[in-house]
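Below, each value reflects all heavy atoms present in this structure, side chains not excepted, and no hydrogens, waters or symmetry copies. All of these numbers come straight from a predicted model, not from anything done at the bench.
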Amino acid sequence: MSLSTLCPRVTRTTCLHSPCKPSSSRVARLPNSRSLAFKPFAPSNNAEKTLRSRSTVVHAGNEYRYPVWEYIWRVLVDKIKSVNPDEAAEKIASGDYVFVDVRTSESFEESHAEGAVSAPLFRKLDWSSGDPWQLVRGAAYLVNGVQPVEQNPTFIEDATKAAEGGKGLIVYCEAGGTLQPSTNFMNGKTSRSLKAAYRILDAKISEDVLHMEGGLYGYAKMEKPMIGDYNPENAGKSPNVAAAPEGEFIDRKK
């Protein structure tokens with residue numbers, strides 16, 4: 001496969017990677033990645049379709065196919081707002097919003113934010129399915145010290161029930177993730193709650209969706225109303241460990 005096939009910005013079949021030497025001195029110049037990442041997003045229809053269609057992982061069975069994270073991030077930055085635990089607690093107290101806990105049902109039963117509704121994005125992996133891919137994925141989770149999980153087929157149904165009262169939704173997971181770009185993570189950092197927010201928008205369940213940065217870990221740390229005994233060690237064992245990125249944060253408004 002030629003390099004031009006892998007990267008549409010390279011117009012010649014030339015290896016740019018050390019220690020390989022280019023076969024010709026005429027090599028297309030690659031644009032600066034930082035300048036690309038923070039330009040206002042106004043893609044052509046073809047560019048948007050390309051981002052949306054590319055898959056980040058191999059999918060088993062009828063699982064939902066997520067677009068690449070860059071596309072999800074761009075959609076979320078335009079469509080939703082992130083709130084910290086203090087702001088989230090105030091909105092819940094107003095009666096206009098409801099918490100949607102997207103962690104596993106087992107984690108929810110152990111502890112959750114007071115008044116939260118459970119809509120797990122994942123469930124425990126079904127080892128009995130006999131699917132070779134499921135076994136490989138489960139083994140990968142175990143190697144990293146994470147409970148093996150698979151997509152929850154009832155997530156959309158659960159999220160729809162949470163929105164039935166007409167209230168806005170505040171989604172949270174264990175660690176939270178962030179949409180805020182930094183020098184180390186130009187597209188923020190992914191998490192279950194951010195992916196859940198994208199799916200809720202994609203399924204048109206609600207347009208009033210907020211994301212709680214810091215997740216339940218941050219919420220419990222600020223001693224907000226909780227049900228059950230929260231174990232902070234869970235924050236490092238989620239399928240998408242997503243602490244806030246390190247490095248200088250970038251103001252997108254400038």
Side-chain angles (χ1 to χ4, degrees), residues 41 52 64 66-67 69 71-105 107-109 111-123 151-181 187-228 230 235 238-240 242-244 252-253:
F41 182 51
R52 186 179 175 87
Y64 178 82
Y66 287 96
W69 169 245
Y71 177 83
I72 294 175
W73 176 77
R74 292 182 187 279
V75 170
L76 294 180
V77 165
D78 183 55
K79 298 291 185 181
I80 75 169
K81 177 183 177 182
S82 291
V83 293
N84 61 39
D86 276 332
E87 294 169 324
E90 290 177 4
K91 290 184 178 296
I92 295 297
S94 73
D96 296 328
Y97 286 83
V98 62
F99 272 135
V100 179
D101 188 322
V102 302
R103 302 173 304 147
T104 63
S105 58
S107 295
F108 180 84
E109 290 172 4
S111 63
H112 56 267
E114 187 176 82
V117 176
S118 178
L121 191 63
F122 295 98
R123 66 180 182 182
Q151 286 189 20
N152 174 25
T154 67
F155 171 72
I156 293 299
E157 179 184 341
D158 296 337
T160 299
K161 287 181 180 178
E164 283 179 353
K167 295 182 179 182
L169 307 178
I170 302 179
V171 294
Y172 73 79
C173 59
E174 204 76 61
T178 183
L179 293 175
Q180 178 67 52
N187 298 129
K189 204 168 184 184
T190 185
S191 70
R192 285 178 290 177
S193 53
L194 288 171
K195 288 183 175 180
Y198 175 81
R199 286 200 64 184
I200 289 171
L201 294 174
D202 192 40
K204 297 180 171 56
I205 294 172
S206 173
E207 294 183 356
D208 191 0
V209 182
L210 300 176
H211 158 254
M212 185 165 74
E213 285 196 338
L216 192 62
Y217 172 81
Y219 194 79
K221 190 175 181 180
M222 297 184 72
E223 300 183 347
K224 299 301 180 183
M226 296 277 295
I227 302 296
Y230 180 70
S238 61
N240 288 295
R252 289 189 300 267
K253 296 180 182 179

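For the pair Leu194/Ile72, no side-chain contact is recorded, criterion being any heavy-atom separation below 4.5 Å from C-beta on. Residues Tyr71 and Tyr66 fail the side-chain proximity criterion, which asks for heavy atoms closer than 4.5 Å. Residues Arg123 and Pro153 are in side-chain contact: their nearest non-hydrogen atoms beyond the backbone lie under 4.5 Å apart.
Looking only at distances, a side-chain donor or acceptor of Ser191 sits under 3.5 Å from a matching main-chain atom of Gly176. Formation of a donor-acceptor pair under 3.5 Å by the Asn152 side chain with backbone atoms of Pro120 is found in this model.
Relative to the ring axis of Phe122, Arg192 does not place its NZ or CZ within 45° and under 6.0 Å from the centre.
In terms of heavy-atom proximity, Ala162 sits nearest to Leu169 at O-CD2, 3.9 Å. Gly188 approaches Trp73 most closely through the heavy-atom pair N-NE1, 3.9 Å. Of all heavy-atom pairs spanning Ile170 and Ala88, the tightest one is CD1-O, 3.9 Å. A pairwise comparison of heavy atoms in Ala159 and Ala119 identifies N-CB, 4.0 Å as the closest pair. Here the closest non-hydrogen pair linking Val102 and Ala196 is CG1-CB, 3.6 Å.
Of the inter-residue distances, the one linking Thr160 atom OG1 with Glu157 atom CD reads 8.0 Å to the nearest 0.5 angstrom. The distance from atom CH2 of Trp69 to atom OG1 of Thr190, rounded to the nearest 0.5 Å, is 4.0 Å. Interatomic distance, SG of Cys173 versus CE of Met212, reported as 8.5 Å (0.5 Å rounding). With values rounded to the nearest 0.5 angstrom, Lys195 atom NZ is found 8.5 Å from Gln151 atom CD. The line from CD of Glu174 to OG of Ser193 is 10.5 Å long, rounded to the nearest 0.5 Å. In this structure, CG on Asp158 lies 11.5 Å from CG on Asp101, to the nearest 0.5 angstrom.
Under the rule for a side chain to side chain contact (heavy atoms under 4.5 Å, CB included), the partners of Ala113 that lie at least two apart in sequence or sit in another chain are Phe99, Ala116, Tyr172, Leu216, Tyr219. Taking the salt bridge (charged side-chain N to carboxylate O under 4.0 Å, His left out) definition, one finds that Glu114 meets it with nothing, sequence neighbours left out. Looking at residues two or more places apart in sequence or on another chain, you find no ring-ring contact (aromatic ring centres under 6.0 Å, His included) involving Phe155. Evaluation of the side chain to side chain contact (heavy atoms under 4.5 Å, CB included) rule for Ala203 yields Ile156, Ile205 as partners, not counting sequence neighbours. A search for salt bridge (charged side-chain N to carboxylate O under 4.0 Å, His left out) contacts involving Lys221 returns nothing, not counting sequence neighbours. For Ser105, there are no side chain to side chain donor-acceptor pair (under 3.5 Å) partners two or more places apart in sequence or in a different chain. Qualifying side chain to side chain contact (heavy atoms under 4.5 Å, CB included) partners for Glu109, counting only residues two or more places apart in sequence or in other chains: none. For Asp86, the side chain to side chain contact (heavy atoms under 4.5 Å, CB included) test picks out Asn84, Met222, Lys224, with sequence neighbours left out.
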Only distances under 3.5 Å count here; give the side-chain donor-acceptor pairs of residues 75-82 to other protein atoms, sequence neighbours excluded, each with its distance to 0.1 Å.
residue, atom, partner, partner atom, Å
Ser82, OG, His211, ND1, 2.9

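Residues in residues 204-216 take part in no salt bridge (Lys or Arg N to Asp or Glu O under 4.0 Å) pair, two or more places apart or across chains.
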Run the numbers on Arg199 and Leu121 for side chain to side chain contact (heavy atoms under 4.5 Å, CB included), then give the verdict.
-> CA-CA 10 Å; Arg199 286 200 64 184; Leu121 191 63; 4.1 Å; yes
